[in-house]
Q: 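Sharing a structure with you now.
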Protein chains: 2
Amino acid sequence: MITAGKGAMPLYIQIRELLIAKISKGDWLPGDSIPSEMNLSQELGVSQGTVRKAITELVEYNVLRRKQGRGTFVSNHDSQRALFHFFHIVDAKGHRVMPDSKVLRCHRRHASHGEALKLKLKDRADIIRIERVRNLSSSPTMIETITLPGHLFKDWDELDSGNLPNMLYELYEKQFGITIHSAEEQLRAVAATKHDASLLNLQAGTPLLEIERVALTLNKSPVELRISRCNTKKHHYENTIL
Amino acid sequence: MITAGKGAMPLYIQIRELLIAKISKGDWLPGDSIPSEMNLSQELGVSQGTVRKAITELVEYNVLRRKQGRGTFVSNHDSQRALFHFFHIVDAKGHRVMPDSKVLRCHRRHASHGEALKLKLKDRADIIRIERVRNLSSSPTMIETITLPGHLFKDWDELDSGNLPNMLYELYEKQFGITIHSAEEQLRAVAATKHDASLLNLQAGTPLLEIERVALTLNKSPVELRISRCNTKKHHYENTIL
DNA sequence: TAGTTACAGACTTATATAAGACTACTTGAC
DNA sequence: GTCAAGTAGTCTTATATAAGTCTGTAACTA
C-alpha cells in the first residue's frame with residue numbers, strides 16, 4: 001500500500017514499484033496504454049506530478065513510452081527496437097543492417113552445468129536449443145546458438161522450427177508473454193572451429209568475435225542464453241559509452 | 001538569453017544548454033561545485049524546479065553530480081570513474097581489475113589518413129603516439145596504441161613519458177583541461193601479429209579482441225583514438241544493455 | 001444524399017512554480 | 001572535545017497552466 005510520512009519511501013518510488021509490479025504481473029500488456037497520469041493520481045491518492053515522476057523513471061528504463069496527447073504505453077518489441085537496442089553489429093560504415101537467419105537445428109536437450117548456471121536452472125533441466133546462421137549484407141556472418149529454458153516456452157514444439165521469425169524477442173513476447181528488457185553481454189575473441197569455418201566460408205582458426213549474451217526480463221530473471229560467433233572482417237560490434 | 005513565451009524553447013532546455021556552455025567554456029571546472037539551485041533560479045529569473053529539471057538531465061548524462069545537503073558538482077575523472085565507466089575488461093568472474101601499464105614508446109608523428117579522419121584533423125597533422133602494454137591480474141593482457149592531437153596537448157613533451165599515470169583521462173583533465181565525457185567503440189576479432197605475440201606471451205595468430213575507441217569531449221569533439229588488442233583467454237569485455 | 005472540411009471539446013502529456021522536508025556541514029556554547 | 005542549533009544545499013510533493021491528439025458534430029460542397 002502507498003504510505004506517506006517520516007521515514008517512509010518517497011511516494012514516487014512506491015508508485016514506480018507498483019507500476020513495475022503491474023507490468024511484471026501482466027495486468028498491463030506490452031503495447032497497451034496504461035491509465036492516464038490523472039487517473040492514476042486519483043486512484044492512488046497522490047498528485048499528477050508524483051505519478052509523473054514515477055513514470056518518467058520507467059520511461060528512462062525503456063519500460064514505458066510516452067506520447068504527448070495520446071497516453072503512456074508499455075514498451076513492446078517491434079523489430080525496430082530489437083534492431084536498434086539489442087543488435088550491435090554494424091557494417092564498416094557504421095550502418096545497422098537487418099540480418100536474415102537460417103535455422104540449422106532446433107531441438108530439446110538437457111542443460112549442461114554451465115548453461116544451467118547462466119540461466120539459473122537446475123542441472124540437466126529441460127532446455128530448447130536453436131542453432132542458426134545469420135547473413136549480414138547477404139553473406140553468412142554469424143553463427144548463433146540459443147538456449148531457452150523449456151518450462152518458459154511450453155508450446156515451442158508447435159512452432160514451425162524451420163521458419164522461425166528473424167527477430168526472436170518479438171516471438172517470445174507475442175507467443176509466450178515473455179518480454180526481454182535488458183541483457184548482459186561478454187565479448188571474446190576465439191578461433192573458428194572447422195564447423196564454424198564451413199558455415200561462414202572461411203578458414204578454421206580465423207579469429208571470430210564471440211558474444212555471449214544472457215537476456216533478462218524486467219525482474220532480472222534470465223530467459224535466454226545466446227552465443228554468437230561473428231566474422232568481423234566486414235562488420236564490427238559497436239558500443240557507445242555515455 | 002533566457003526567453004519565455006510562445007514558440008520559444010522550454011525554459012529548462014534553454015537553461016540546460018546554458019549550463020553546458022558554462023562547463024564547456026571552463027567557467028566551472030571539473031570537481032567544482034556550481035551555484036545552488038536557488039541561486040541559479042534567482043539569477044536566471046526562473047523557479048528552482050525549472051533549474052532542477054535542467055540539472056537533472058545533466059546528471060543523467062554524467063556531466064554533473066549531485067550530493068544532497070552539499071551541492072551540485074561538475075563531474076571529474078577520478079580513477080574510480082575511469083575504471084567503472086570507461087574500462088570494460090573484467091576477469092572471468094566478472095570482477096573489475098585495476099590494470100597497470102608499461103609505456104613502450106611515446107613520440108610525435110604525423111597523422112595517417114585514417115587517424116586524421118577519426119580525430120577530425122588535417123592529413124599529416126601533428127599527433128602524439130603512445131604505445132603501452134597493460135597487465136591485468138599481473139599478466140600482460142592488452143597492447144594499447146593511443147593517438148592524441150598534438151595541438152590539444154601542447155606541453156606533452158615536458159611529461160616524464162616513461163612514467164605516465166595509469167589512467168590517462170585523469171591526466172588529460174588535470175594537466176590539459178580536457179575532460180573525456182563519452183566514447184564510441186568498435187570491437188573486432190583479429191589475429192595476433194608477431195609483435196603482439198611476443199609482448200603478450202602467446203603465439204602469433206592467436207585471436208585477440210581489438211577495441212578501437214574514439215573518446216569525445218562534452219561537445220562531441222574527438223580527443224583520443226585508442227586501439228587496444230586484448231588477450232581474452234582469462235578476461236573478457238563486458239557490456240550491459242539496458 | 002454522400003462526402004469532406006472546420007472546429008469545439010475532452011482527454012492526454014509537458015512545463016513551470018511554490019512550499020515544505022530532508023541532509024550535511026558549520027558555528028558557537030559549554 | 002562534545003553536542004546542539006543554525007544554515008545552506010538538494011529532494012519531494014502539490015498545483016496550475018500549456019500544448020498535443022483524437023473524436024464527434026455542424027457546416028459546407030459536389
Side-chain angles (χ1 to χ4, degrees), chain A residues 1-20 22-23 28 31-76, chain B residues 1-20 22-23 28-76:
Chain A
M1 203 44 224
I2 305 293
T3 59
K6 264 179 108 105
M9 290 285 268
L11 285 177
Y12 78 94
I13 289 181
Q14 297 180 51
I15 289 167
R16 184 189 68 196
E17 297 306 313
L18 188 150
L19 297 180
I20 289 178
K22 284 255 191 198
I23 295 166
W28 299 328
D32 285 359
S33 71
I34 70 172
S36 75
E37 295 178 353
M38 263 314 194
N39 282 351
L40 283 170
S41 71
Q42 284 169 12
E43 210 171 289
L44 301 171
V46 300
S47 76
Q48 181 249 11
T50 302
V51 170
R52 184 172 178 73
K53 181 150 187 180
I55 289 176
T56 298
E57 301 209 342
L58 297 180
V59 169
E60 278 159 12
Y61 288 144
N62 293 309
V63 175
L64 296 175
R65 184 166 305 200
R66 280 205 261 240
K67 293 183 185 168
Q68 185 175 0
R70 297 198 49 206
T72 302
F73 302 81
V74 181
S75 296
N76 63 348
Chain B
M1 203 43 223
I2 305 293
T3 59
K6 266 177 105 105
M9 290 286 268
L11 288 177
Y12 77 93
I13 289 182
Q14 298 180 50
I15 290 167
R16 184 188 68 197
E17 297 307 313
L18 189 149
L19 297 180
I20 288 178
K22 284 254 190 198
I23 296 166
W28 299 329
L29 294 174
D32 284 359
S33 71
I34 69 172
S36 74
E37 295 178 354
M38 263 316 200
N39 283 350
L40 283 170
S41 71
Q42 284 169 10
E43 211 170 288
L44 301 171
V46 300
S47 75
Q48 177 257 356
T50 302
V51 171
R52 184 172 177 74
K53 180 152 187 178
I55 290 177
T56 299
E57 301 207 343
L58 296 180
V59 169
E60 279 158 12
Y61 289 143
N62 294 310
V63 175
L64 296 174
R65 183 166 304 201
R66 281 206 260 241
K67 293 185 184 167
Q68 185 173 357
R70 296 198 53 202
T72 301
F73 301 81
V74 181
S75 296
N76 63 348

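Every chain is numbered from 1, with letters handed out A, B, ... down the list of sequences.
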Q: Rounded to whole Å, please give me the gap between CD in B:E37 and C1' in C:dT17.
A: 14 Å
Q: I need the NZ-C1' distance between A:K67 and D:dT21, as an integer number of Å.
A: 12 Å
Q: Once you round it to whole Å, what is the distance between C1' of C:dA21 and CG of A:L11?
A: 12 Å
Q: To the nearest Å, give me how far apart CZ (A:R16) and C1' (D:dT13) are.
A: 16 Å
Q: Testing the 3.5 Å rule here: is there a donor-acceptor pair between the side chains of A:T56 and A:R66?
A: yes
Q: Would you say that B:L58 contacts B:T72 through its side chain, given a criterion of any heavy-atom pair below 4.5 Å between the two side chains?
A: no
Q: Check every atom of C:dT13, D:dG9, D:dT13 against the side chain of B:Q68 and return the nucleotide holding the closest atom.
A: D:dG9
Q: Mind checking whether A:L44 and A:L18 have side chains closer than 4.5 Å, heavy atoms only?
A: yes
Q: Taking the minimum atom-to-atom distance to the side chain of B:N39, which one of C:dA16, D:dG9, D:dA14 wins?
A: D:dG9
Q: Figure out the CD/P separation between A:Q42 and D:dA14, and round it to whole Å.
A: 13 Å
Q: Looking only at side-chain N and O atoms, does A:T72 come under 4.0 Å of OP1 or OP2 in C:dT13?
A: yes
Q: With the side chain of B:R70 defined as its heavy atoms from C-beta on, choose the nearest nucleotide among C:dA24, D:dT15, D:dT10.
A: C:dA24
Q: Is the phosphate of C:dT12 approached by A:S36 (side-chain N or O, under 4.0 Å from OP1 or OP2)?
A: yes
Q: Where the side chain of A:S75 meets the backbone of A:N62, is there a donor-acceptor pair that is under 3.5 Å apart?
A: yes
Q: List the residues meeting side chain to side chain donor-acceptor pair (under 3.5 Å) with A:R16, not counting sequence neighbours, and say none if there are none.
A: A:E57
Q: For the pair made of CZ in B:R65 and C1' in D:dT10, what is the distance, rounded to whole Å?
A: 16 Å
Q: Got a sec? Which of residues 48-64 of chain A come in under 4.0 Å of DNA chain D, heavy atoms?
A: A:Q48, A:G49, A:T50, A:K53
Q: Compare all side-chain heavy atoms of A:L64 with those of A:V74 and state whether any distance is below 4.5 angstrom.
A: yes
Q: What is the distance, to the nearest angstrom, from the CZ atom on B:R66 to the P atom on C:dA24?
A: 15 Å
Q: Less than 4.5 Å apart, side chain to side chain, heavy atoms only: is that true for A:I34 and A:I55?
A: yes
Q: Looking at C:dA18, D:dC11, D:dT12, which one has an atom nearest to any side-chain atom of B:S47?
A: C:dA18
Q: Can you tell me the distance, in whole Å, between the CE atom of A:M38 and the C1' atom of C:dA14?
A: 13 Å
